[in-house]
Each structure stands twice: as structure tokens, then as C-alpha cells.
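Taking it in order: structure first as C-alpha cells, then the write-up.
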Amino acid sequence: VGGWLLPRAFAFLEAFFRETGSAGGAARLAEVRRDIEATGSYRHTPLELEWGARVAWRNSNRCVGRLPWRSLTVFDHRELHEPEEIEGALRDYLRFATNGGVIRPAIAIFPPADPGTGGGIRIWNSKLVRYAGYPGADGRVTGDPAEVDFTRACQALGWRGAEGRFDLLPVVISVPGRAPHWFEWRDDEALQVPLRHPEFPWFAELGLRWYAVPAISDMVLEMGGIEYPAAPFNGWFMGTEIGARNLGDEGRYDLLPEVAERMGLDRGDRSRLWRDRALVELNTAVLWSFQEDGVRITDHHAASREFLHFVEWEARQGRAVQADWSWIVPPLSGSATGVFHREFENRVESPGFFLTRPAWRPVEESPPEARGAECPFHIEARRAREVEDAGEAGVGEGCPLGAGGMVGRGDADPRAGSR
Ligand code: ARG
């Protein structure tokens, strides 16, 4: 293990001491070398952990909202091993992040994976708060089609949903050697916003809603060669994630035809752009409803401006921002935002957030790309590559295919997009 871990650890620690200006770098490097030689691993100090998590956000090539990366609140839960304790910590974490609607970016970090096997504590959910999806006999899904497989996994554990369109899924935690543990959010824990429209009174009748806190819970936080597979993190929403993708995509709630119908648009005439007009009003409803309810949200124009400020700020620190253009440009009105007119380098850096195989899907059933066998976006492939070039240095050497460290849209298939 030490062969590939040591160079990763050293690159991380050197960056930590260089950027933070902390003292004691040489002694710390010597200590970590001894620990890795003696035990095969090492333990981050609380300050290293905090800095590493913040830089993982800074390095998230698909995230347009990285400007406030230094404000990330880090909860160090590395001492928690019991599922019930982890449940309690997740409830505290969501309460802190929600903050009555004034969403605060935060991350809760649970014990690291075994450095040899990569096995460890997992949260099965893709997001801590999400809606169930139930396939009907006719093949149509009630709820969120993106969650059909996970919903089935929850049912196999004994969970029963109300079979509605917006049922909150339970949270499932697995600890090696223990049966999976699940719990449900209480009504006052998972803040949600009922959607209505500033000009269309009928909009509220559609009965749509969305959750307030986007908290990704299925990505692996990697820093200095140590992997934290259970490390859910959140920012606040950009409206298009909900109004364009979650509610608009044909493979998700697919609401454009219904909204267009209610707007009285002619769906027969291609030149009338009914999809585009429905999309704008759906996004208006999302932004307006969140604002009315005092729930923090950004729009794609503000997000694009702030991202360009982030790029400038980073350049002044001597760092070139790495970004995946296809994720940074919003799915609505792309060319009306500044980011559309820019180009970005898209190298994978460490620390970062990486994709991995869903914890609830048996390896045999995962398609090769989701198993991470060949996919450089996956932590499994990263680990294999690192073991292979053990001895050769360089954590930040590029991934030829592009992005890693991902927050935003898309899913296991980097081209797909359903986050
Ligand atoms: N798109 C995901 C969702 O709709 C959330 C991804 C993270 N987004 C964010 N603004 N931090 O749940």
C-alpha cells in the first residue's frame, strides 16, 4: 500500500503547508512517512481534513458554485462507527445545512475506507434528500424515474413508500460487517418548497414541490490518497437544476408537455417553441417559490457571474481553474450567460470528489462503466491507476478524458446528466 500512498500523502501535505502557511511541515511529513511504513495508512489532522474538503470543492470541475469554497463547514465524524450514531450525525448535519432556509454549505465526514480494499462505510442514497420512483404496470413512473432502482433497494430492506409523486426516500447506511440500517426524515427535517408561479394561479394546482438542500451523498472524497466514501456535502440550488433538469427532463418528471398545455400553447407548431416557453415558466416558478419561502437559491445568470469571479480570484492566487464546460454552462439560456463564451481546461485534481459504484448495486449487475473498470471518473479506476504507477509521483497529473470532482448535473455516465 505504502508504495502508492506515500507520494499521494506527500503531495497533499506539501500543498497544505504551502497554501495555508502552517508551520511544522517537515516534522509532519516525517511522521506520516513513519505511520504509513508502520501501519499502511495515516490520519489527517482536523486542519488537514478541513482544508482538504474545501479544496475538493474548489477542484469540482462540474460545479459552477465554487466561489465560496473557503466557507465550507466541515464536520469531522471520523470517530463514528455505529449506524445509529451516523444517523444522528446526518440529522444534525441536515439541520445545520438547512438553517431554516438560509442554506449553509457543509460536509459531514465519516471514517475513511480501508486503504487496501477501498471498502468502508457507505450511504446508499445518491442525495440525502430525494423522492422515490415507482414504476407502474404501463411502464410510466410515479415519482422520480432516476430513483426507481434505489427505491426498489429500499423496499427490499423493508421500507414502504406511500406510492406518491414526492415521497421522501429513507436514508440507508451500511457499515462493513453490519446489516444495512435505514431511517426516515421527520416532517420538520427535510425542508421542501411547494411550487407556484407569480402570474399563473393554476400552477399551484399542479401540486409540484422540491426539496431545499441539494446534498450529494454517493461520491468519494479523496485527499492525500485517503478515501472517505461516506462524506455527504451540500451547497444551495441553482434554479435550473430543478426547473430545467429534475422537473423538465424527459427521463425525470417530464413536465414540459403538461405546463405547455396549461399555458395554452400550440404544441403542433414547431415555430412556437412551446418547450422553451414552458421551460422558462417552470424555472420562474422554482426561483419565485424558493424566494417567497425564504429558501436560498441562485439563478443561472448570477451563478455564471460568480463563477467568473471565482476564476479571476483563483488566477490572482496563481491557480488555473479546471472546469467541465458542458456542466458549467446552464441548461437554459446558455449563450445569455458569460460562461458560455469562455473555454476551460478540464484536468482532474486531488483532493476531489469522485464517482463510485452505487453501494446497493451488486458488482456483477453493474455495467463495466459504472463499475469504474475503465472510467477515469471513478475512484476505482483512479486507485488502480495509482497502484500501477506507484513510485512515479504526481497527484494532479491530468486525466486525458476530462472531468472529475463533480457537483452538479449528470450521473455515472459523464455524458448522461441526471444529478
Ligand atoms: N442536481 C442535484 C439535485 O437536483 C444536486 C447536485 C448538487 N447541486 C448543488 N447545487 N450543490 O438534487
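Indexing begins at 1, ligand by ligand and atom by atom, following the structure's order. Along the sequence shown, residues are numbered consecutively beginning with 1.
Those atoms of ligand 1 that come under 4.0 Å of a heavy atom in Lys127, given as number and element, are 2 (C), 12 (O). Which parts of ligand 1 touch Trp236 is read off a 4.0 Å heavy-atom cut-off, strictly below it: atoms 9 (C), 10 (N). Ligand-side atoms of ligand 1 in range of Tyr211: 3 (C), 4 (O), 12 (O), range being under 4.0 angstrom from any heavy atom. Taking every non-hydrogen atom of Phe237 and a distance limit under 4.0 Å, the qualifying atoms of ligand 1 come out as 3 (C), 4 (O), 10 (N), 12 (O).
At least one heavy atom of Arg130 sits under 4.0 Å from some atom of ligand 1.
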Mind listing the side-chain donor-acceptor pairs of residues 331-342 below 3.5 Å, one per line with the distance, residues two or more places apart or on another chain?
from, atom 1, to, atom 2, distance (Å)
Thr337, OG1, Gly334, O, 2.7
His341, NE2, Ser335, O, 2.9

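The residues Glu205 and Arg262 are annotated as salt-bridged, a charged nitrogen and a carboxylate oxygen being separated by less than 4.0 angstrom.
Scanning both residues, Leu67 and His309, for their nearest heavy atoms gives CD1-C, 4.2 Å.
Residue nearest to atom 4 (O) of ligand 1, selected from Ile297, Val213, Asn246: Asn246 (by heavy-atom distance). The residue from Met238, Arg252, Arg66, Glu241 that puts a heavy atom closest to atom 10 (N) of ligand 1 is Glu241.
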Worked check of side chain to side chain donor-acceptor pair (under 3.5 Å) between Gln192 and Tyr131: CA-CA 11 Å; Gln192 300 176 67; Tyr131 301 118; 2.8 Å; yes
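The local environment of CD in Gln317 is crowded, with over 12 non-hydrogen atoms from other residues, nucleotides or ligands closer than 6.0 Å.
The ring of Tyr93 has its center no closer than 6.0 angstrom to the ring center of His77.
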